[in-house]
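Okay, structure first, notes after.
Below, each value reflects all heavy atoms present in this structure, side chains not excepted, and no hydrogens, waters or symmetry copies.
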Amino acid sequence: MPGGKAMEERQTDGDTIYRAIFEHHPAPMLLVEPATGAVVEANRAAETFYGYSSHQLRTMHLADISLDPLETAEAPFCHHRLASGATREVQVTSFPIELPGHPLVCLVIHVIHDTPASWQAERLLREREEQFQQREARHQAILNALPDMVFIHDADGTYVDYYTSSPRQSAIIAGDFLGKQPHEVLPLETATVIETLLHQALQTSTVQTTEYPQEVAGKPRHFEARAVACGGNQVIMIIRDITESKQAAQELQKANQQLSCWITRLEQNNREVTLINQMGDYFQSCLTVNEAYMVVEQFAARLFEGQSGALYILNPSHSLAEVVASWGKYLPHERMFAPESCWALRVGKLNVVEGTASHGLPCKHIDSSEPHLCVPLIAQSKIFGLLHLRGTPTLPHQTPEHQAQLARTVAERIALALANLHLREQLHDQSIHDALTGLFNRRYLMDMLKRELSKAQRQSYTVGVIMLDIDHFKMFNDTYGHDAGDTMLQAVGNFLQASVREEDIVCRYGGEEFTVILPGAALENARKRAEELRAGVALLRVTHAGRLMDPITFSLGVACFPQHGTTVEAVLKASDTALYQAKAAGRNCVVVAE
């Protein structure tokens, strides 16, 4: 049809025109698929600008050319990469091209050689606005993250602005601060602190800090205020709630104090344990109870610093408690007292009197109302003494309870040590004494005589020895019985012990035979002493079971060191020989060794 042909010719001419315009347009132009960014076509100006051929450009994507994201109307300026590797700043104008089934985007590239001043100003303004918005966002984020309240004051203290980030802080602010001064919105005490801090910050131009309490919602809180002057005669005031940190610091201080107290107590306990163990070591080395009393005096004064005290021991009949050791500045008011005067001895338990707050009854053996403590000494379920303390301890952390426990421990150690020493002395006495008469036995005689002879030899003096035997003692036992014989032996032992000097030694040699050692006595003096014993025993009257028994007589032999021998055996043999000579001579006589 002629009309159709003409239309096709006109369409072809239009395409040719538009193609010519696209190809020869002075601005670089690109046809791009909007979905993929693939370059579909490029004009000659684009080939010249980018340095790529048209064929090369058609194999590329927009991302290969542009250094920035896909251009939008809001951001028309971007940088494109050239084939040489250089970058150029461009302004891109884009508009869609609707083709049947094939939509495209035409990009017109405006190469920026000399950017107009308005463009530069606009871009600079936009960049500064973006930077300002970023700084504002950053500052706001910082303020929101801070646990503080920030106030801006002018030179006269008026609130200009404030920042807060938590409901608690808003409750503290509680009201419209802006345009008001501290004394208008805060309690008087708090306002005075804030206004003083503001004045100091303005005067010194340095950071000023203080702390103050303030009641919030009916509860006490604690705050830290920090003020610093800034430009324009304004002051930035930073308020921080430090209640929790203050409480934590107080708790930490309290914990440190408690730890220090525990360490001091532990050191004190270690010291006490060490002293008690040392006291126990000395007790084990003591040979007599008197030595143990000295140990008590030394260690009790160190264990109970600041206190006076005494150790009392009950006599054998338990009728009196007598001081055997004491320490401190207050000597015992009574050196001895009846056990009934002490509640601890009466009830057999610790008795503590702490003045008005007493847990016990005051003991009558105390002459004042001072605090005092009494602990009975108990061993083998028997009370045999008392540990007494008086006054107030001077060591730190030594509570009454600790003092009482320490006194119990020390009393137990003392009681055990004294009981062991008494038992040791008892066993020792039994090993050297005759059980019937109480005189020294033959074993002790041999040891003591050997010691006396050695001493006499060194110091050049004599030692007299008397051996005596009860005459016809077998007949006496046959007449009165062995029980009566034992009674007579006991009476003879008492008689001999009462008839000699303190330094003389009387022993039961065996059976009815006795020995008397007379240190320093010459032979004649020993003979005279033997005659006195012979005459004295004849006057001895002894009853048994209500019956008066016949008197007895002695036969005695006398010897002397070194005249009759220089050894124990020689002297004893000489005196024993003289004894048998006295028996052979008719008994009831004294014979001196030849």
Open item on the list: Working note: Thr243 + Asp241, criterion side chain to side chain donor-acceptor pair (under 3.5 Å); need CA distance, chi angles, decisive distance, verdict.
Closed with: CA-CA 6 Å; Thr243 305; Asp241 188 343; 2.7 Å; yes
Open item on the list: Before you tell me yes or no, could you show the steps for Val410 and Phe304 under side-chain contact (heavy atoms from CB on, under 4.5 Å), namely the whole-Å CA-CA distance, both residues' side-chain angles and the distance that decides it to 0.1 Å?
Closed with: CA-CA 10 Å; Val410 173; Phe304 304 104; 3.8 Å; yes
Open item on the list: Could you walk me through whether Leu496 and Phe554 satisfy the side-chain contact (heavy atoms from CB on, under 4.5 Å) test, starting with their C-alpha distance in whole Å, then the side-chain angles of each, then the deciding distance to 0.1 Å, before giving a yes or no?
Closed with: CA-CA 12 Å; Leu496 292 174; Phe554 285 162; 4.1 Å; yes
TODO: Just do the side-chain contact (heavy atoms from CB on, under 4.5 Å) check on Arg529 and Asp504 with the steps written out, would you?
DONE: CA-CA 11 Å; Arg529 185 68 56 81; Asp504 296 339; 3.1 Å; yes
- [ ] Check the pair Gln298, Val295 against side-chain contact (heavy atoms from CB on, under 4.5 Å), reporting the backbone distance first and the verdict last.
- [x] CA-CA 5 Å; Gln298 293 296 320; Val295 172; 5.9 Å; no
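Gln307 approaches Leu389 most closely through the heavy-atom pair NE2-CB, 4.2 Å. Annotation for Val542 and Leu548: closest pair O-CD1, 3.6 Å, computed over non-hydrogen atoms. Closest approach of Ala379 to Ala415, counting heavy atoms only: CB-O, 4.0 Å. Contact between Leu361 and Asn351 at its shortest, heavy atoms only, is O-ND2, 2.8 Å. The two atoms that bring Asn441 and Tyr444 nearest to each other are OD1-N, 2.9 Å, heavy atoms only. Counting all heavy atoms, side chain and backbone alike, Ala578 lies closest to Val592 at CB-C, 4.1 Å.
A distance of 11.5 Å separates CD1 of Ile263 from CD of Gln258, quoted to the nearest 0.5 Å. Once rounded to the nearest 0.5 Å, the distance linking NZ of Lys382 with CG of Leu314 reads 12.5 Å. Residue Arg271 holds its CZ atom at 10.5 Å from CD1 of Ile276, rounded to the nearest 0.5 Å. Atom CD of Glu224 is separated from atom OG of Ser245 by 8.0 Å, given to the nearest 0.5 angstrom. Separating the OG1 atom in Thr288 from the CE atom in Met294 is a distance of 9.0 Å, to the nearest 0.5 Å. Note that CZ of Phe476 is 8.5 Å distant from CG of Leu489, once rounded to the nearest 0.5 Å.
Counting heavy atoms from C-beta outward, Met446 and Leu572 have side chains that approach closer than 4.5 Å. The side-chain heavy atoms of Ile313 and Leu377, taken from C-beta on, include a pair separated by under 4.5 Å. Taking the side chain as every heavy atom from C-beta outward, Leu311 and Glu297 never approach each other to under 4.5 Å. With a 4.5 Å cut-off on side-chain heavy atoms, Leu386 and Phe337 count as touching. Inter-residue side-chain proximity for Leu436 and Arg508 is flagged as met; some heavy-atom pair is nearer than 4.5 Å. Side-chain contact check for Glu322 versus Tyr312: every heavy-atom pair is 4.5 Å or farther apart. Between Arg541 and Pro551 there is a side-chain heavy-atom pair separated by less than 4.5 Å. Looking at heavy atoms from C-beta onward, His402 lies in side-chain contact with Glu272 at the 4.5 angstrom threshold.
Looking only at distances, no side-chain donor or acceptor of Asp434 sits under 3.5 Å from a matching main-chain atom of Cys507. No side-chain donor-acceptor contact under 3.5 Å links Arg221 to the backbone of Gln214. The closest donor-acceptor contact from the side chain of Thr437 to the backbone of Gln490 lies at 3.5 Å or more, if one exists at all. Although no hydrogens or angles enter the test, the distance criterion places no donor-acceptor pair under 3.5 Å between the side chain of Arg302 and the main chain of Glu305.
Legend: side chain to side chain donor-acceptor pair (under 3.5 Å) pairs involving residues 569-591, not counting sequence neighbours, sorted by first then second residue: Asp469-Lys583, Arg534-Asn588. Sorted by first and then second residue, the pairs that involve residues 515-528 and meet salt bridge (Lys or Arg N to Asp or Glu O under 4.0 Å), not counting sequence neighbours, are Glu524-Arg527. Within the structure, the side chain to side chain donor-acceptor pair (under 3.5 Å) test picks out the following pairs touching residues 547-557 (sequence neighbours left out): Asp471-Thr553, Asp471-Ser555, Tyr480-Asp550. The list of ring pair (Phe, Tyr, Trp, His ring centres under 6.0 Å) pairs with a residue in residues 494-529, not counting sequence neighbours, is empty.
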Could you give the side-chain donor-acceptor pairs of residues 278-287 under 3.5 Å, partners two or more places apart or in another chain?
| residue | atom | partner | partner atom | Å |
| --- | --- | --- | --- | --- |
| Ser285 | OG | Asp281 | O | 3.3 |

Show the atom names and distances, to 0.1 Å, of all donor-acceptor pairs under 3.5 Å that link a side chain in residues 450-459 to residues at least two apart or in another chain.
| residue | atom | partner | partner atom | Å |
| --- | --- | --- | --- | --- |
| Glu452 | OE1 | Tyr461 | OH | 3.4 |
| Ser454 | OG | Arg458 | NH1 | 3.0 |

Under 3.5 Å, side-chain donor or acceptor atoms of residues 560-568 against the rest of the protein: list the pairs with distances, not counting sequence neighbours.
| residue | atom | partner | partner atom | Å |
| --- | --- | --- | --- | --- |
| His564 | ND1 | Cys560 | N | 3.0 |
| His564 | ND1 | Cys560 | O | 3.4 |
| His564 | NE2 | Ala593 | O | 2.9 |
| Thr567 | OG1 | Ala570 | N | 3.1 |

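Applying the side-chain hydrogen bond (donor to acceptor under 3.5 Å, both in side chains) test to Glu513 and every residue at least two apart in sequence or in another chain returns nothing. Residues passing the salt bridge (charged side-chain N to carboxylate O under 4.0 Å, His left out) test with Lys246 are Glu211, sequence neighbours excluded. In this structure, Glu425 has no salt bridge (charged side-chain N to carboxylate O under 4.0 Å, His left out) partners at least two apart in sequence or on a different chain. With sequence neighbours excluded, no residue forms a side-chain hydrogen bond (donor to acceptor under 3.5 Å, both in side chains) with Asn477. By the side-chain hydrogen bond (donor to acceptor under 3.5 Å, both in side chains) test, Thr190 pairs with no residue at all, sequence neighbours left out.
Residue-environment remark: CZ (Arg501) exceeds the threshold of 12 foreign heavy atoms within 6.0 Å. More than 12 non-hydrogen atoms from other residues, nucleotides or ligands lie less than 6.0 angstrom from CH2 of Trp327.
Under the 30°/60° scheme for interplanar angles, the aromatic rings of His388 and His372 are found to be tilted.
With Tyr212 as reference, Ile194 is the one residue of Thr192, Ile194, Leu197 to meet the side chain to side chain contact (heavy atoms under 4.5 Å, CB included) rule.
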